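In what follows, every heavy atom counts, from backbone to side chain, and hydrogens, waters and symmetry copies are set aside. Quick caveat, the model's predicted, so the values are computed rather than measured.
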Amino acid sequence: MKKNKLSLLEVLGLSVAMLAPTGAMAFNTAGAVTNAGITAPLAFILGGIAMLFTGISFVQLGRKTHGDGSAYAYNRVALGEKAGFLSGWLLVLTYVTFAMSSSAIVGNFLNVFLSHFGIHLPIPLYIVLVLLVGGALSHRGIEFSTRFALTLEFFAVGALVILAAVILVHGGNNGLSTAPVNPSNASFSQIGTGMIFALMSFAGFEGAATIAPRGKNPKKAITISILGSVIFAAVFYFIITYIEIVGFGVGNIAKMANSAAPVNYLATQYMGNGMATFLDFAAAMSYFACYFGALNAGAFMLEALSAQGYLHPWLAKLSGEKQTPSHALDLITVLSLIFYLIFGIFGGIGAGDYYNWFGTLGMIPLLLVYVLVNAGSMRFFLKHRDEGFGWFKHVVAPILGIIVLIYPIWSNIYPIPAWPLNMFPYITLIWLIIGFFLPKKDPLDL
């Protein structure tokens with residue numbers, strides 16, 4: 001793959017794929033409702049606004065900083081070489097664990113989908129097939145990967161939009177209501193706790209930054225792909241969550257909170273088993289796109305750090321005419337297989353828990369990177385006020401972004417979560433310490 005070849009749509013595709021909007025609405029809304037009650041739509045829209053602040057920092061640094069590696073390239077200029085590397089190092093942990101977690105939930109949804117046809121195979125078999133097929137397809141190049149992922153998500157979103165329209169036309173279970181958008185129906189702390197699930201649904205919006213420098217117009221690509229994906233997701237999540245709540249009925253919110261598959265239930269109630277079956281397939285494809293996106297984002301991050309001399313040069317190897325980081329892709333695929341073999345098959349961890357645990361583990365370093373990028377943006381532009389300085393985008397937005405991120409970071413530490421979630425902050429700390437002592441060698445001449 002030559003530099004400056006990716007189209008805007010291809011760059012945008014990676015962020016949209018990692019957001020997995022259909023999958024998020026099929027799986028995360030019940031958790032948000034459990035905490036925020038009927039005001040869950042407000043938790044999602046506030047989460048989107050919060051992520052927009054961080055997105056502004058990514059865009060501002062991305063437009064002024066050149067080079068592969070997303071947060072690494074940005075913060076090496078804004079905060080120094082070591083802080084830059086640690087930003088990229090943390091993202092490696094995030095993208096690898098996201099690839100692991102999303103592959104598991106694909107297997108779970110595939111099992112639900114195929115069970116409609118009387119096919120009942122072991123879920124671990126589906127997960128292993130997802131990892132193998134995804135790893136093989138990724139070698140076709142980033143252009144194929146982003147287009148493929150975006151196509152999967154397009155059809156998945158379309159199916160969910162159809163269901164939402166039917167529920168609206170039907171008037172929901174007990175009629176449409178303004179209760180879900182009335183903040184007086186929940187306390188601030190309840191909405192704030194619900195925002196944790198909302199923020200999880202926005203995780204990965206920055207994925208396009210790993211490949212934006214390879215776009216035809218990098219500055220335009222970074223701006224539209226990051227801000228566009230956040231704004232789309234915020235509006236989409238707000239509307240769909242509202243429709244899910246009125247679909248169940250504002251008086252039946254406990255039923256939605258306890259539902260393992262709220263979208264499946266609504267599809268069955270309003271459109272029959274056929275639509276429920278299709279939406280189960282759509283959710284599986286949405287999470288497969290997420291897995292595909294995380295796999296590629298992680299590989300390009302590993303390639304960038306290796307090219308800069310931090311990791312083994314083998315990982316920086318670009319193969320074929322499309323210059324694909326095949327070795328990095330293979331490493332993540334093999335690691336995902338090994339970890340699932342140990343924890344999923346021999347450890348007996350179910351697909352749902354595997355998704356929740358590894359997804360939560362990936363969230364902690366990602367939130368720390370968001371804080372570092374916000375801090376980096378503020379420091380860089382305060383120091384270089386001749387670079388189009390603006391108080392809102394370079395000071396207010398980063399500060400607000402950091403303030404919002406403190407809550408979900410703290411909630412992963414105190415009150416001390418149950419095992420194994422209580423171990424995740426320590427795993428992140430150990431990962432950070434390892435990265436701190438990794439020496440930088442001469443960059444490869446690529």
Side-chain angles (χ1 to χ4, degrees), residues 8 11-21 24-25 28 32 36 39-65 70-71 74-75 78 87 91 94 157 181 183 188 191-192 194-210 212 219-242 293 297 363 366-378 380-381 388-409:
L8 173 61
V11 177
L12 174 65
L14 192 61
S15 279
V16 174
M18 290 196 64
L19 284 171
M25 292 295 92
N28 291 344
T39 62
L42 295 179
F44 277 96
I45 199 69
L46 289 174
I49 294 171
M51 285 296 96
L52 193 59
F53 295 138
T54 299
I56 290 172
S57 294
F58 267 93
V59 168
Q60 291 303 308
L61 284 175
R63 291 176 65 87
K64 295 295 181 181
T65 307
S70 180
Y74 305 162
N75 279 342
S87 299
L91 280 182
T94 290
V157 167
V181 294
F188 176 78
I191 296 176
M195 279 179 63
I196 294 178
F197 291 88
L199 293 177
M200 288 175 63
S201 300
F202 286 94
F205 76 87
E206 80 300 327
T210 61
K219 290 184 179 181
K220 184 178 180 180
I222 194 74
T223 302
I224 295 180
S225 61
I226 287 183
L227 297 186
S229 61
V230 172
I231 293 171
F232 161 75
V235 174
F236 182 75
Y237 292 162
F238 174 78
I239 294 173
I240 296 300
T241 306
Y242 169 83
M363 277 295 296
L366 181 62
L367 294 173
L368 292 177
V369 170
Y370 288 168
V371 170
L372 286 171
V373 169
N374 279 310
S377 178
M378 186 163 49
F380 177 84
F381 287 100
F389 178 79
W391 279 103
F392 177 78
K393 61 185 177 181
H394 297 139
V395 177
V396 176
I399 289 176
L400 290 175
I402 292 172
I403 290 173
V404 171
L405 292 166
I406 289 173
Y407 186 83
I409 291 174

Distance flag, aromatic centroids of Tyr242 and Phe44, threshold under 6.0 Å: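 So the answer is no for these two rings.
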Answer whether the closest heavy-atom distance between the side chains of [X] and [Y] falls below 4.5 Å.
| X | Y | answer |
| --- | --- | --- |
| Val371 | Ile409 | yes |
| Phe232 | Pro21 | yes |
| Leu405 | Met51 | yes |
| Val404 | Tyr370 | no |
| Phe53 | Phe392 | yes |

Qualifying residues under side-chain hydrogen bond (donor to acceptor under 3.5 Å, both in side chains), relative to Ser15, sequence neighbours excluded: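 So Ser15 forms no side-chain hydrogen bond (donor to acceptor under 3.5 Å, both in side chains) with any residue.
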Whether Tyr74 side chain and Gly376 backbone form a donor-acceptor pair below 3.5 Å: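 Flag not set: sc Tyr74 to bb Gly376 has no pair under 3.5 Å.
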Side-chain donor or acceptor of Ser377 paired with backbone N/O of Val373 under 3.5 Å: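 The answer is no, because no donor-acceptor pair under 3.5 Å joins these two groups.
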So, for [X] and [Y], which heavy atoms are closest and what is the spacing to 0.1 Å?
| X | Y | result |
| --- | --- | --- |
| Ala36 | Ile191 | CB-CA, 4.2 Å |
| Leu61 | Asn75 | CD1-OD1, 4.1 Å |
| Val230 | Gly48 | CG1-O, 3.6 Å |
| Ala397 | Asn374 | O-OD1, 4.4 Å |
| Ile226 | Ala209 | CD1-CB, 4.2 Å |
| Pro398 | Met378 | CB-CB, 4.1 Å |

Spacing of [X] atom [atom1] and [Y] atom [atom2] [to the nearest 0.5 Å]:
| X | Y | atom1 | atom2 | answer |
| --- | --- | --- | --- | --- |
| Phe202 | Thr54 | CZ | OG1 | 11.5 Å |
| Arg63 | Lys220 | CZ | NZ | 11.0 Å |
| Thr39 | Ile45 | OG1 | CD1 | 13.5 Å |
| Ile56 | Lys393 | CD1 | NZ | 9.5 Å |
| Thr65 | Phe58 | OG1 | CZ | 11.5 Å |
| Leu91 | Thr210 | CG | OG1 | 9.0 Å |

Option from Thr241, Ile239, Val157 for which side chain to side chain contact (heavy atoms under 4.5 Å, CB included) with Met25 holds: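 Running side chain to side chain contact (heavy atoms under 4.5 Å, CB included) over Thr241, Ile239, Val157 with Met25 returns exactly one hit, Thr241.
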Evaluation steps, side chain to side chain contact (heavy atoms under 4.5 Å, CB included), between Glu206 and Val369: CA-CA 11 Å; Glu206 80 300 327; Val369 170; over 6 Å; no
Set of residues satisfying salt bridge (charged side-chain N to carboxylate O under 4.0 Å, His left out) with respect to Lys64, sequence neighbours excluded: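 Only Glu387 meet the salt bridge (charged side-chain N to carboxylate O under 4.0 Å, His left out) criterion with Lys64.
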